[in-house]
Amino acid sequence: MQSVSGANKLSHSLIYNVEKINSINVDNFDKFFNNLPADPYLDGNYRFRRLSRFQVHGDSLIKLPHKYFFQSQEYNSLLGEVKREYAELDDAIIELDDFRNLILTFVEKSKLNTTEEIKINVHQFRIICDSSNYGEPAPEGIHRDAVDIVGIFSVKRENIEGGETHLYKSTKGNPVLSKILNPGELLVFNDQKFFHFTSAIKPSSKDVGIRDVFVLTFPAWEKVPTKEVE
């Protein structure tokens with residue numbers, strides 16, 4: 001575990017933190033990954049995705065109205081400047097105690113000030129692979145997400161090799177962290193201090209391989225930064 005103490009309002013004291021969250025039963029999420037829509041913005045039909053926004057205040061969790069997703073070319077060379085629409089998370093998963101526990105754990109590990117309203121994005125991903133096609137969790141390469149804090153929570157690794165997550169101080173340096181996140185493990189890191197990347201997955205047998213994760217980011221994206229997509 002790597003972290004430092006200090007003021008937690010915008011979590012700038014956080015470096016990175018990875019640990020197993022034993023209070024969350026990942027099996028309760030499984031069926032909600034089986035019906036994820038394919039990501040319409042990528043070829044290959046290997047990435048499936050939903051996205052919702054939430055407000056956290058104390059122990060309360062409120063789902064926010066739908067918004068499309070946008071990143072600038074500076075942060076996403078593959079899909080930057082594209083106004084992207086993704087289906088919302090299933091209402092039934094939001095009602096799970098394990099989901100609420102995940103959100104509150106992310107807030108805690110991010111060192112955020114829980115007396116203030118906190119808005120976050122929750123991305124739900126499934127990446128698949130087979131013997132002829134590897135799955136790319138990060139097709140944009142080594143990158144930042146243009147937020148303050150990123151959390152990656154592993155739900156499932158089934159019949160796969162690879163999928164190792166790396167943190168970098170720069171895009172040309174060696175990683176300061178290289179870790180395969182096993183089910184139940186949560187990595188939280190400061191997006192302003194690190195670039196990140198997750199390597200491709202390939203099947204460990206002739207069957208299809210699966211990698212399921214939640215990616216949580218703070219703050220939630222609120223406003224289009226360029227007039228062209230308003």
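With sequence neighbours excluded, the residues satisfying side-chain contact (heavy atoms from CB on, under 4.5 Å) with Thr198 are Pro137, Thr165, Arg211. In this view, Glu161 and Lys202 satisfy the salt bridge (charged side-chain N to carboxylate O under 4.0 Å, His left out) rule, not counting sequence neighbours. For Glu164, there are no salt bridge (charged side-chain N to carboxylate O under 4.0 Å, His left out) partners, not counting sequence neighbours. For the ring-ring contact (aromatic ring centres under 6.0 Å, His included) test, residues two or more places apart in sequence or in another chain that qualify with Phe189 are His196. Listed by chain and residue number, nothing satisfies the ring-ring contact (aromatic ring centres under 6.0 Å, His included) test with Tyr46 (two or more places apart in sequence, or in another chain). Evaluation of the ring-ring contact (aromatic ring centres under 6.0 Å, His included) rule for Phe29 yields Phe214 as partners, not counting sequence neighbours. Every residue meeting the side-chain contact (heavy atoms from CB on, under 4.5 Å) condition with Lys156, not counting sequence neighbours, appears here in chain and number order: Asp30, Arg126, Glu158, Ile210, Asp212. For Ser23, the side-chain contact (heavy atoms from CB on, under 4.5 Å) test picks out Ile21, Asn101, with sequence neighbours left out. Listed by chain and number, the residues in a side-chain contact (heavy atoms from CB on, under 4.5 Å) with Ser132 are Asp130 (sequence neighbours excluded).
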Inset, instruction - Under the side-chain hydrogen bond (donor to acceptor under 3.5 Å, both in side chains) rule, what do Tyr86 and Arg50 come out as? Steps first, then yes or no, please. - result: CA-CA 6 Å; Tyr86 295 110; Arg50 292 182 185 269; over 6 Å; no
Inset, instruction - Evaluate the salt bridge (charged side-chain N to carboxylate O under 4.0 Å, His left out) criterion for residues Lys109 and Glu19: first the C-alpha distance (whole Å), next the side-chain angles of each, then the deciding distance (0.1 Å), finally the verdict. - result: CA-CA 10 Å; Lys109 301 303 179 183; Glu19 61 184 272; 3.3 Å; yes
Legend entry - side-chain contact (heavy atoms from CB on, under 4.5 Å) between Glu85 and His66, worked out: CA-CA 9 Å; Glu85 292 277 358; His66 176 80; 2.6 Å; yes
Legend entry - Intermediate values then yes/no, side-chain contact (heavy atoms from CB on, under 4.5 Å), Asn17 and Leu187: CA-CA 6 Å; Asn17 178 40; Leu187 168 65; over 6 Å; no
Legend entry - Candidate pair Cys129 and Ile160, rule side-chain contact (heavy atoms from CB on, under 4.5 Å), full reasoning: CA-CA 8 Å; Cys129 60; Ile160 62 170; 3.9 Å; yes
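For the pair Ile152 and Leu181, the minimum side-chain heavy-atom distance is below 4.5 Å. Side chains of Gln124 and Ser52 form no contact here, defined as non-hydrogen atoms less than 4.5 Å apart. Leu51 has its side chain out of reach of Val122: every pair of non-hydrogen atoms, C-beta onward, lies at least 4.5 Å apart. Side-chain contact between Ile24 and Phe153 is present, with at least one heavy-atom pair separated by less than 4.5 Å. Residues Val150 and Val188 form no side-chain contact, since every pair of their non-hydrogen atoms from C-beta on lies 4.5 Å or further apart. Side-chain atoms of Ser178 and His166, non-hydrogen and from C-beta on, do get closer than 4.5 Å to each other.
Between the Asn190 side chain and the Leu14 main chain, a donor and an acceptor come within less than 3.5 Å of each other. With hydrogens and angles disregarded, no donor-acceptor distance shorter than 3.5 Å links the side chain of Asn159 to the backbone of Pro203. At distances below 3.5 Å, at least one donor-acceptor pair connects side-chain atoms of Arg53 with backbone N or O atoms of Pro65.
Tyr134 is not connected to Val208 by any chain of hydrophobic side-chain contacts under 4.5 Å among Ile, Leu, Val, Met, Phe, Trp and Tyr, and they are in different clusters. Clustering ILVMFWY residues whenever any of their side-chain heavy atoms sit less than 4.5 angstrom apart, transitively, puts Phe194 in a cluster other than the one holding Ile180. Leu89 and Leu36 fall within a single hydrophobic cluster, where Ile, Leu, Val, Met, Phe, Trp and Tyr side chains are chained together by heavy-atom contacts under 4.5 Å.
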Review item, side-chain donor-acceptor pairs of residues 54-64, under 3.5 Å, at least two apart:
| from | atom 1 | to | atom 2 | distance (Å) |
| --- | --- | --- | --- | --- |
| His57 | NE2 | Thr115 | O | 3.1 |
| Ser60 | OG | His57 | O | 2.7 |
| Lys63 | NZ | Glu88 | OE1 | 2.8 |

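Considering every non-hydrogen atom in both Arg157 and Pro183, the closest pair reads N-CG, 3.9 Å.
No hydrogens or angles considered: nothing links the side chains of Asp98 and Asn25 as a donor-acceptor pair under 3.5 Å.
Checked against Val155 for a side chain to side chain contact (heavy atoms under 4.5 Å, CB included), the options Asp27, Val213, Val26 give a single hit: Val26.
Taking CG from Asn28 and CZ from Phe99, the interatomic distance works out to 13.5 Å, rounded to the nearest 0.5 Å. For the atom pair CZ (Arg100) and CD1 (Ile94), the distance works out to 13.5 Å, reported to the nearest 0.5 Å. If you take CG on Asp191 and CG on Asp145, they are separated by 5.0 Å, rounding to the nearest 0.5 Å. Summarising the geometry, atom CG belonging to Asn133 is positioned 10.0 Å from atom CG belonging to Asn45; distances are rounded to the nearest 0.5 Å. Taking OG1 of Thr217 as the reference point, atom CZ of Phe106 lies at 6.5 Å (rounded to 0.5 Å). Note that CD1 of Ile118 and CG of Asn113 are 7.0 Å apart. Values are rounded to the nearest 0.5 Å.
Annotation: Asp97, atom CG; neighbour count of heavy atoms from other residues, nucleotides and ligands within 6.0 Å does not exceed 12. Within 6.0 Å of CG on Asn174 lie no more than 12 heavy atoms contributed by other residues, nucleotides or ligands.
Clustering of Ile, Leu, Val, Met, Phe, Trp and Tyr by side-chain heavy atoms under 4.5 Å joins Tyr168 with Ile142, Phe195, Phe197.
Applying the salt bridge (charged side-chain N to carboxylate O under 4.0 Å, His left out) test to pairs two or more places apart or on separate chains, those with a residue in residues 181-190 are Lys179-Glu185.
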